[in-house]
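For reference, the structure discussed in these notes is given below.
Order of the sequence lines sets the chain letters (A, B, ...), proteins ahead of strands, with each chain counted from 1. On a predicted model such as this, the values are computed, not experimentally measured, just so you know.
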Amino acid sequence: MPQKHDIITLKKRRSFLAVAATGKKWVAPGLILQLGPVRPDSTPPENPVCHYGLTASGKVGNAVVRNRARRRLRALAQELLALHADPSHDYVLIARNTTATRAHEALRLDFITALKKLKVWRESPP
RNA sequence: CCAGAUGGCCGGAUGACCGCUGUAUUGUCCACAAAGACAGUAGGGAGGAAAGUCCGGGCUCCAGGAGAAACGGUGCCGGAUAACGUCCGGCGGGGGCGACCCUAGGGAAAGUGCCACAGAGAAAAUACCGCCCCUCCGGCGACGGAAGGGUAAGGGUGAAAAGGUGCGGUAAGAGCGCACCGCGUCGCUGGCAACAGCGACGGCAUGGCAAACCCCACCCGGAGCAAGACCGCAUAGGAACCGCACGCGCCGCUGUGCCCUUACGGGCAAACGGGCGCACCGUCACUCCACGGGACGGUUCGGGUUGGUCGCGCGAGGCGUCUGGUAACAGGCGUCCCAGAUGAAUGGUCAUCCGUCGCCGCAAGGCGACGACAAAACCCGGCUUACAGGCCGUCUGGCACU
RNA sequence: GUCCCCUUCGUCUAGAGGCCUAGGACAUUACCCUUUCACGGUAGUAACACGGGUUCGAAUCCCGUAGGGGACG
């Protein structure tokens with residue numbers, strides 16, 4: 001059966017720092033993916049919840065560009081994280097200068113490559 | 001048609017699939033209700049600047065009330081407005097052939113201050129070069145020199161040189177006289193006023209700077225939704241520093257002390273308690289009033305919580321129309337409900353059209369790229385700044401035609 | 001979001017209407033000194049964030065813009 005689990009966003013600065021402290025990341029042309037540690041307080045396996053956060057700093061552009069980059073990353077996260085990611089980790093997506101303008105399919109492949117490189121990709125059953 | 005001035009408006013459109021977040025409503029769960037969770041339905045979901053945070057107001061809390069002042073702001077006149085530094089109309093000044101545009105524009109005989117350098121002289125001014133008169137000396141003469149006096153025309157300096165131009169006048173000159181212009185005073189007329197016009201008189205007096213101090217008129221308590229209120233959780237009853245009235249006078253009270261008395265009661269005292277007044281302290285700094293005060297008050301640090309609900313969208317609201325007003329705007333009537341997030345929603349992808357650019361093509365067209373500035377955070381009125389492209393109107397000058 | 005503050009050589013700063021064509025220190029360049037380096041000496045390069053306005057005259061006064069920094073319950 002397809003493992004589609006719920007996803008919620010990180011809300012505390014402490015959580016973002018915990019993810020960044022592991023040093024595990026993959027830099028793609030359109031985004032940066034950071035991988036957090038395995039959470040000890042594991043949710044019940046029959047109802048896994050995947051945590052992720054979004055970051056778009058002032059280097060990316062003005063408020064309009066930052067919001068657009070963040071929304072594109074959120075759309076990809078809801079499509080891919082829910083199906084293909086290991087829910088025992090936390091994830092942080094960081095926007096880059098090209099995130100707002102990169103073609104959607106290329107940005108999607110960037111994300112898939114990052115998940116595979118970090119060895120958290122799970123092939124979804126057909 | 002060309003060139004220009006000015007006012008207003010728009011800020012890509014449509015569809016499909018998948019999402020986010022409020023509101024209303026229905027259902028299910030929880031014994032009922034409320035709250036909450038989930039699901040369904042309906043309808044909504046960034047801007048003209050949401051920006052900068054430069055002004056003004058609402059709202060909330062703080063300050064006991066009033067007044068005045070300080071600081072600060074505004075500054076031609078009249079009006080609009082909740083208010084404004086905004087807007088509208090007018091006036092003065094400047095620019096433009098014109099439509100029109102710009103303008104912090106009160107007071108310099110209330111006082112203080114500044115005006116560097118240059119220049120003879122910079123504010124009750126001055127005599128450098130000059131010009132003119134008289135006397136003397138030299139020289140045949142033209143002329144030169146010296147002493148005295150007159151002058152403010154000319155030169156020169158400067159941002160600015162004590163009215164300007166012309167004529168007369170004079171030894172040379174000078175508002176010395178006259179005409180016009182400017183300036184000042186007075187009067188009349190028009191205007192609510194700023195101001196304008198006309199007339200008479202004066203005979204030039206009052207240099208500039210107030211975005212220098214200042215004077216005058218008007219405005220102004222402080223902080224800001226991280227305001228503020230509530231619920232929940234949790235910790236602590238802490239440390240340091242600063243300030244600190246407790247005074248004087250009067251009264252003699254069912255207190256107190258001493259004396260008389262068996263007692264009731266009476267007398268005395270004024271240390272303590274009490275009362276009153278003054279002083280003192282606090283209520284942000286001053287004054288007055290009011291209230292409170294007989295001992296703690298204030299600030300900082302340390303420690304805890306980094307959750308939730310309300311505030312929070314019916315409003316100086318939008319649209320249409322009528323009336324008043326030159327206008328800003330005001331009023332009446334009708335109609336509509338139209339964002340509410342909090343690591344922060346208001347979208348992601350695709351297709352077609354639209355616009356711009358590039359390439360190919362004789363053309364029809366095809367292919368590709370791009371889509372201005374910029375995103376609410378309590379709300380509203382302005383200002384300022386950024387902005388691809390487009391639409392509508394009014395007016396001015398020129399050319400052509402009728 | 002709200003409320004404040006600051007911009008002067010490469011860096012830190014002085015300046016308060018005219019003496020500013022902007023001074024000083026460190027740094028830097030050239031030369032002198034020294035066998036050489038350092039120290040020292042002489043000389044030079046180098047800045048008023050930007051745009052308007054007031055004034056005869058602006059780094060200074062006023063307005064606006066840009067950039068940077070700080071505070072908060």
### Short side-chain N/O contact from A:Thr9 to OP1 or OP2 of B:A344, under 4.0 Å
yes
With syn defined as a glycosidic angle within 90 degrees of 0 and anti as anything else, the base of B:A46 is syn
* Asked: So do the side chains of A:Tyr52 and A:Thr9 get within less than 4.5 Å of each other, counting heavy atoms only?
  -> yes
Mate of B:A35 across any strand shown (Watson-Crick or G-U wobble, both atom pairs under 3.5 Å) is none
* **P gap between B:C395 and B:C314, integer Å** => 45 Å
### Query
Rounding to the closest angstrom, what is the interatomic distance between B:C134 and B:G121 at atom C1'?
29 Å
pair_partner(B:C230), Watson-Crick or wobble, both distances < 3.5 Å, evaluates to B:G308
Whichever of A:Glu105 and A:Leu10 has the more 5' nearest nucleotide on RNA chain B, that residue is A:Leu10
CG of A:Leu115 to CG of A:Asp86, rounded to nearest 0.5 Å, is 10.5 Å
Is the phosphate of B:G19 approached by A:Arg74 (side-chain N or O, under 4.0 Å from OP1 or OP2)? no
Relative to its sugar, using the 90° cut-off around 0, the base of C:G70 is anti
From CZ of A:Arg102 across to P of B:C370 the rounded distance in Å is 14 Å
For B:C20, the nucleotide meeting Watson-Crick or G-U wobble distances (both under 3.5 Å) is B:G45
In whole angstroms, the gap separating C1' of B:U349 from CZ of A:Arg72 amounts to 9 Å
How far does the C1' atom of B:A162 sit from the matching atom of B:G175, given to the nearest Å?
14 Å
* Asked: Which part of the nucleic acid does A:Leu76 contact within heavy-atom distance under 4.0 Å: base, sugar-phosphate only, or nothing?
  -> nothing
Per the under-4.0 Å heavy-atom filter, residues of residues 20-36 of chain A near RNA chain B come out as none
As its Watson-Crick or G-U partner within any shown strand, both distances under 3.5 Å, B:G324 has B:C329
For A:Arg68 and B:G348, is the shortest distance between a side-chain N/O and OP1 or OP2 below 4.0 Å? yes
Just the table, please: protein N/O against nucleotides 46-51 of chain B N/O, every pair under 3.5 Å.
none

Assigned chi class of B:C373 under the 90° convention is anti
Taken in chain and number order and not counting sequence neighbours, the residues that satisfy side chain to side chain donor-acceptor pair (under 3.5 Å) with A:Arg68 are none
From NE2 of A:His104 across to C1' of B:C18 the rounded distance in Å is 11 Å
Residue set satisfying side chain to side chain donor-acceptor pair (under 3.5 Å) with A:Arg102, at least two apart, ordered chain then number -> A:Asp110
Original post:
Which value, in whole Å, describes the distance between the P atoms of nucleotides B:A374 and C:G1?
Top reply: 15 Å
Whole-Å distance, A:Leu54 CG to B:U342 C1', equals 16 Å
As its Watson-Crick or G-U partner within any shown strand, both distances under 3.5 Å, C:U54 has none
In terms of heavy-atom contacts, A:Thr55 and A:Phe16 come closest through OG1-CE2, 3.6 Å
Per the O4'-C1'-N9-C4 / O4'-C1'-N1-C2 angle with a 90° window around 0, C:G64 comes out anti
What distance, rounded to whole Å, do you find between the two C1' atoms, one in B:G331 and one in B:A80? 15 Å
- request: For A:His51 and A:Leu10, indicate whether the former's side chain and the latter's backbone hold a donor-acceptor pair under 3.5 Å.
  value: no
Paired to C:G10 by Watson-Crick or G-U wobble criteria (both distances under 3.5 Å) is C:C26
Atom CG of A:Asn62 and atom P of B:A386 are separated, to the nearest Å, by 17 Å
From CD of A:Gln78 across to C1' of B:U349 the rounded distance in Å is 13 Å
Separation between the P atoms of B:A341 and B:G317, rounded to whole Å | 25 Å
N/O donor-acceptor pair under 3.5 Å between A:Thr99 side chain and A:Leu73 backbone:
no
| said: Give me the distance, rounded to whole Å, that separates B:G302 from B:U235 when you measure between the C1' atoms they each carry. | reply: 12 Å
Answer for the Watson-Crick or wobble partner of B:U206, both distances under 3.5 Å, is none
query: Can you check side chain to side chain contact (heavy atoms under 4.5 Å, CB included) on A:Trp26 and A:Ile32, steps first, answer last?
result: CA-CA 6 Å; A:Trp26 178 257; A:Ile32 299 173; over 6 Å; no
**Q.** Spacing of the C1' atoms in B:A5 and B:A159 (rounded, Å)
**A.** 36 Å
Side chain to side chain donor-acceptor pair (under 3.5 Å) filter on A:Arg74, not counting sequence neighbours, yields none
Relative to its sugar, using the 90° cut-off around 0, the base of B:G22 is syn
Taken to the nearest whole Å, CG/A:Leu73 to C1'/B:G19 is 16 Å
Q.
If hydrophobic clusters are built by linking Ile, Leu, Val, Met, Phe, Trp and Tyr wherever their side-chain heavy atoms come under 4.5 Å apart, do A:Val27 and A:Leu118 end up in the same one?
A. no
By the Watson-Crick or G-U definition, both distances under 3.5 Å, B:A269 is matched with B:U256
Quick note, salt bridge (Lys or Arg N to Asp or Glu O under 4.0 Å) partners involving residues 76-85 of chain A, not counting sequence neighbours, are A:Glu79-A:Arg108
CG of A:Asn62 to CG of A:Asn67, rounded to nearest 0.5 Å, is 9.0 Å
Taken to the nearest whole Å, CD1/A:Ile94 to P/B:G343 is 19 Å
